[in-house]
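Working notes, beginning with the structure itself.
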Amino acid sequence: MNQTVSVPGTPGKLTGNKSFMLLITAQLISNVGDWLNMLALLTMVGLRWKATPWEITALTLCMAVPMLLGGPVSGYLSDKINRKAMMIGSDIARVGIVAAFIFAGSLWQVYVLLLVKGVMDVMFSPAKSGKMKEIVAPEHIDQAMRISSSIEQLTKIAGPAVGGILLASAGISACFIIDSVSYLISAVLLLGLPKIGQYRTARSSEAGKAKATFRQEMGEGLRFIYGIPTVLGGLVMLLAVLLVVQIADSQLIVLFREIPGISDGLLGWCVAASGAGTLLAAVTAGKLGSAKHPLALMCAGTMLMGLIFASCGILIVNLPAGMLFNVVLYLSFMLVGAGAGYTFIPFFSMLQRRTPETHTGRVFGTVNSMTSAAVILGPVIGGALVTASGPVTAFLLSGIVTALLGALFLLLRGKIGKKELQAGGAVPESAAV
């Protein structure tokens, strides 16, 4: 049977949890570096090398394919072996991989490095989710997820903003160097985590119980998700939205090339504005009832995101350059970021809250794999659409369909809630609204 490793005392404030603070500090540092790396890559490939829509699509695919293929495997491993060791090993490997971007002189070299880095990324993600479940008391999980999401968005603001300054003053290589160093610092911080957290359950088997096969273990994540209608409905919605949004989002740099006299720093400031919007969503999601009404908030966020995406494609090519243009552009990105936050944060908070610690890696690995499939298909469609009709058409179509998806799932929310009640879950959202 699964038995708790230790019986923790009454937990104090989450900020007094040393292990949690080490984990999110490591996340803060490495996330800043990640955004510097992403901005440097997009600037180098999209603006300096003038990559075609299909070449930019290939960039996105190289980041998503490792997650698609490796998500379930890495999730399984993170539930079976030492999560701390997995995270530290992933960080150390990425120190060298990111530093190698400095010497990349062609697209195929960038693609290879992204694939290798993606393998390390996919090893880290489910291990981090499981480790958080190990070291954080159940009553603090929602707060921990909001703090983690807020840090992701703070770094999305700081990273591109700092990156824009670095690109202008020190060049692209400086961004890659700082990202490489950030992984090294993250690994050092993670050394302070306990090997086994106090909320972890022992991995002992019941007497006489047949040992599950590797294939059965791999399928545990999917079976768990399928058994909870609200989680399943939220995942289906998330996959549909990701697929459609990626049609336009993956070609953002192509749309930006339509702006006369675009500077290297503009993309960074727009990404920072998006991060500010998502940070606002992370701070306010709890007050808006993300714990009680996750699907409702996801629908509202999706509709907001879709409407702004559709508007963006028109505004960028029709508004004259100047102060008004910049204000409208930054505000649009902030609203898109807020919509994305209200779409993603309630789902992943719900998933973390309802997943047992023993299954965290497999569940999150399965979700990461499935979302990666959407991230792969979306850019392929986007690359074809942008090549045939231009970026404005892609943004219009993506935005309109995204908004319609939000409206559709809002109508289906009541049925999903009734299935949840029949399955013995929580009170359906429709009854609580």
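Reckoned from all heavy atoms, side chains included, excluding hydrogens, waters and symmetry mates.
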* Asked: Do Lys415 and Pro229 have side chains that get closer than 4.5 Å, going by heavy atoms?
  -> no
* **Expected output: side-chain Asp179 to main-chain Val98 donor-acceptor under 3.5 Å** => no
* Structure fact -> Met298 and Thr343 have their tightest heavy-atom pair at CG-O, 3.3 Å
* Is there a side-chain contact between Leu184 and Ser180, using heavy atoms and a 4.5 Å cut-off? -> no
* Asked: Could Arg94 and Phe124 be counted as a cation-pi pair, given that NZ or CZ must be under 6.0 Å from the ring centre and within 45° of the axis?
  -> yes
* Structure fact -> What one should report as the nearest heavy-atom pair of Leu190 and Asp91 is CD1-OD2, 3.4 Å
* State, with a plain yes or no, whether a side-chain heavy atom of Val119 is found less than 4.5 Å away from one of Pro66. => yes
* Pair Met350-Thr230, side chain to side chain contact (heavy atoms under 4.5 Å, CB included): steps then yes or no -> CA-CA 9 Å; Met350 172 176 62; Thr230 303; 3.4 Å; yes
* Asked: Roughly how far, to the nearest 0.5 Å, is CG of Leu189 from CD1 of Ile29?
  -> 5.0 Å
* **Arg83 side-chain N/O to Gly130 backbone N/O, donor-acceptor pair under 3.5 Å** => yes
* Asked: If you round to the nearest 0.5 Å, how far is OG of Ser332 from CE of Met334?
  -> 10.5 Å
* **Nearest-0.5 Å distance, CD1 of residue Ile135 to CE of residue Met21** => 11.0 Å
* Asked: Are the side chains of Phe333 and Ile308 in touch, meaning some heavy atoms are under 4.5 Å apart?
  -> no
* **Leu23 vs Met87 side-chain heavy atoms within contact, under 4.5 Å** => yes
* Structure fact -> Tightest non-hydrogen contact, residues Leu113 and Ala104, listed as CD1-CB, 4.4 Å
* Asked: Which pair of non-hydrogen atoms, one from Phe348 and one from Leu238, has the smallest distance, and what is that distance?
  -> CE1-CD2, 4.0 Å
* Contact check, side chains of Leu295 and Leu410, non-hydrogen atoms, under 4.5 Å -> no
* Asked: Can Tyr342 and Thr284 be counted as having a side-chain donor-acceptor contact under 3.5 angstrom?
  -> yes
* Hey, does the side chain of Ser186 reach the backbone of Ser182 with a donor-acceptor pair shorter than 3.5 angstrom? -> no
* Asked: Checking side chain to side chain contact (heavy atoms under 4.5 Å, CB included) for the pair Leu41/Phe101: CA distance, chi angles, key distance, verdict?
  -> CA-CA 9 Å; Leu41 274 176; Phe101 279 111; 3.9 Å; yes
* Drop me the distance from Tyr111's OH to Ser106's OG, to the nearest 0.5 angstrom. => 9.5 Å
* To do: Answer yes or no: is there a donor N or O on one side and an acceptor on the other, between the side chain of Lys195 and the main chain of Lys84, under 3.5 Å?
  => no
* To do: For residues Ile92 and Ala187, report the shortest heavy-atom separation together with the two atoms involved.
  => CD1-CB, 3.8 Å
* **For Met120 against Ala93, the heavy-atom pair lying closest together** => SD-CB, 3.4 Å
* Asked: Do any N or O atoms from the side chain of Ser173 and from the backbone of Ile102 form a donor-acceptor pair under 3.5 angstrom?
  -> no
* Asked: Side chains of Tyr183 and Ile97: closer than 4.5 Å at any heavy-atom pair?
  -> no
* **Any donor-acceptor pair under 3.5 Å from Thr402 side chain to Val241 backbone** => no
* Structure fact -> Rounded to the nearest 0.5 angstrom, the OG-NZ distance for Ser90 and Lys128 is 12.5 Å
* Asked: Taking C-beta and beyond as the side chain, do Leu193 and Lys131 meet within less than 4.5 Å on heavy atoms?
  -> yes
